[in-house]
Amino acid sequence: MLDIKFIRENSELVKASAVDKKIRCDVDRLLEVDQRRRELQLELDKYRTTVKESGQQLGLMRNPGSSWFKQLIDKETSEAGREEATKRVKAEAERIQAELSEIKPKIKALEEEEGPILEEFEAAMLTIPQPADPDAPVGADDTENVEIRTVGEIRKFEFEPKDHVTLGADLGIIDIERGVKLGGSRNYILKGDGALIHQAVLRLAQDMMVERGFTPMVVPVLVKEEVMYGTGYFPGGRDQAYLCERDEKSLVGTAEVPLTAYHCDEILTEAELPIKLCAQSTCFRREAGAAGKDTTGLYRIHLFDKVEQVIICRNDVELSKKLHAEILQNAEDVMQALELPYRVVNVCTGDLGMGQAQKFDIETWMPSRDSYGETHSASRFYEFQSRRLKLRYRDGAKKIHFCHTLNNTVIASPRVLIPVLELYQNADGTVSIPEALRKYMGGRERIEKG
RNA sequence: GGAGAGGUGGGUGAGUGGCUGAAACCAACGGUUUGCUAAACCGUCGUGCGGGUAUUUCCCGUACCGGGGGUUCGAAUCCCCCCCUCUCCGCCA
């Protein structure tokens, strides 16, 4: 969410950046509603002042024990005078009462108009995207992402390599058929060493993050809808989430959601920042609209496990950028530990999400796709999520600011098993276990048919 | 799931229709004093929204005492619905 004042003052910029992001929103309508909202508040506040003041006066007049009343009566010297004064007060009270009775319907009418206006205002605010950073290239879709660097050598096979599906089936470590039998399309089962290597990559990733000072967390993956709104996934991405409607909750597509929302509705102190968190969680994705896309194998599936990293920091653009580089590096280090060839791309505006100011994807070489495939996504949000989440901090001068938030994948499995299995396969059909994973797999060096 | 108790500002906790945006205490912050760490005293000390000849720390209005509705001229306080926490029972990984 953006600051309404910023939108008012930069409406053209906001519109243009929404166009760049290919996100539809009606800024003009929002500004109209905002205008009316402010007019209504002004009017209502005026009436409320009257009600409050007159109401209080009325209270004093009707309470013979009040100091105000006593003072009035004490001024009168005669009994008749006191009676007269009491009568006057009573009449005056009735007048005020009548006046207030007239105001009441007016307030009611204004409130009735205000309700829907506020609703529309809030709903519209949620549809305005974060403008992309100038550092993000302008482009229509992922084909226009800009490659920043490639790391590692792409392996050339001296034999006909198998894809991960065949490898997995032959080794008895991936069972897609039975996964689909139980869970429907885009499901799978990992078995034996398949299950173990899955756990191994996750564990490696988490260990590396803890080493770097990130606090490991175990968090809810079934969250209230407001948390989904707060992190920017709702309302836009509602189709992509599994909803538990009976309980008005949603399964998260990433631990970014609970991690970023961890301190929502709080005012932190500047000294606590930056907060660095990581969590392994299962991620649930409906993949609505992706029918027919990436239908084979473990690339696009309904659930997977991921270690995610999140940073909550001071409201400082330069710092955000610096930390963005840091979380990107963390992920690259994991890929380097696994000795996988990858490239980093600067994601273009048309491929940026609602709240992202800039995003770097890591794409890892996948022989079966004969291309790099996305394995990581490092995003910077500035205040976009914090405003929605009411995630704030107080600085040294006691001024309150919205935090900046950032996140990146550390590792997502089984997608990362695609390059791991395919690139580490041997001519005899076995798969070598990457050095960095061996300590999590009983020191073994290869996966053989079980 | 059943029964009971309760949800008030960073924390503890008072407040049962108006003078309460909310006592007191603790914590925090600023200062004074004694002058090693400490203690004592004084002061400050919620957020959102709107407005303003304030536009780095200012003023005014308004809303907010778990959330939503209602009664009333007026509600933290009364009524209804929901949520959450705790205790006991039941069920269960």
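In what follows, every heavy atom counts, from backbone to side chain, and hydrogens, waters and symmetry copies are set aside. Convention: sequence-line order gives letters A, B, ...; per-chain numbering from 1.
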Quantified in whole Å, what is the P atom distance between nucleotide B:G13 and nucleotide B:G7?
10 Å
Winner on side-chain proximity to A:R38, out of B:G18, B:C73, B:G51, is B:G51
Given the C1' atoms of B:U8 and B:G67, what is the spacing between them in whole Å?
15 Å
For B:C65, the nucleotide meeting Watson-Crick or G-U wobble distances (both under 3.5 Å) is none
Exercise. Taking the same atom, C1', in B:G9 and in B:G46, what whole-Å distance lies between them?
Worked result: 6 Å
Self-check item: Rounded distance in Å between the P positions of B:G31 and B:U20
Solution: 32 Å
Note to self: Does A:T49 reach a base, just sugar-phosphate, or nothing at all? Heavy atoms under 4.0 Å.
What the structure shows: sugar-phosphate
**Rounded distance in Å between the C1' positions of B:A23 and B:U16** = 15 Å
In whole angstroms, the gap separating C1' of B:A63 from CG of A:D45 amounts to 8 Å
Review point. Can you find a side chain N or O atom of A:R394 that sits less than 4.0 Å from OP1 or OP2 on B:A28?
Key: no
Applying the 3.5 Å cut-off to both distances, the Watson-Crick or G-U partner of B:U53 turns out to be none
Suppose you measure atom P in B:C83 against the same atom in B:G90; what distance do you get, rounded to whole Å? 24 Å
message: Between B:G30 and B:A14, how many Å separate the two C1' atoms, rounded to a whole number?
response: 28 Å
| request: Output yes when a side-chain donor or acceptor of A:R438 lies under 3.5 Å from a complementary backbone atom of A:I433, and no otherwise. | output: yes
Review point. With a non-hydrogen cut-off below 4.0 angstrom, is A:L58 in contact with a base, only sugar-phosphate, or nothing?
Key: base
Margin query: Over all strands shown, is A:I103 touching base, sugar-phosphate only, or nothing at heavy-atom distances under 4.0 angstrom?
Written below: nothing
Considering every strand and a 4.0 Å limit on heavy-atom distances, what is the contact class for A:R95: base, sugar-phosphate, or nothing?
nothing
As its Watson-Crick or G-U partner within any shown strand, both distances under 3.5 Å, B:U72 has none
Using Watson-Crick geometry (N1-N3 plus N6-O4 or O6-N4) or G-U wobble (N1-O2, O6-N3), each under 3.5 Å, B:C19 is paired with none
### A:Q41 (side chain) and B:C49 (base): donor-acceptor pair under 3.5 Å
yes
Looking only at B:U47, B:U72, B:G50, the nucleotide nearest the A:K104 side chain is B:U72
Side-chain contact check for A:R37: nearest option of B:C73, B:G61, B:G50 is B:G50
Original post:
Which part of the nucleic acid, if any, lies within contact of A:R8, taking any heavy atom under 4.0 Å across all strands shown: a base, the sugar-phosphate backbone alone, or nothing?
Top reply: sugar-phosphate
With A:E326 as partner, the option from A:K276, A:R212, A:R380 fulfilling salt bridge (charged side-chain N to carboxylate O under 4.0 Å, His left out) is A:K276
field: Salt-bridge criterion met for A:D133 and A:K321 (N-O under 4.0 Å)
entry: yes
Pick base, sugar-phosphate or nothing for A:I96, based on heavy-atom distances below 4.0 Å to the nucleic acid. nothing
Heavy atoms under 4.0 Å, any strand shown: does A:K52 hit a base, just sugar-phosphate, or nothing?
-> sugar-phosphate
- request: Determine the interatomic distance between P on B:G15 and the same-named atom on B:A24; round to the nearest Å.
  value: 15 Å
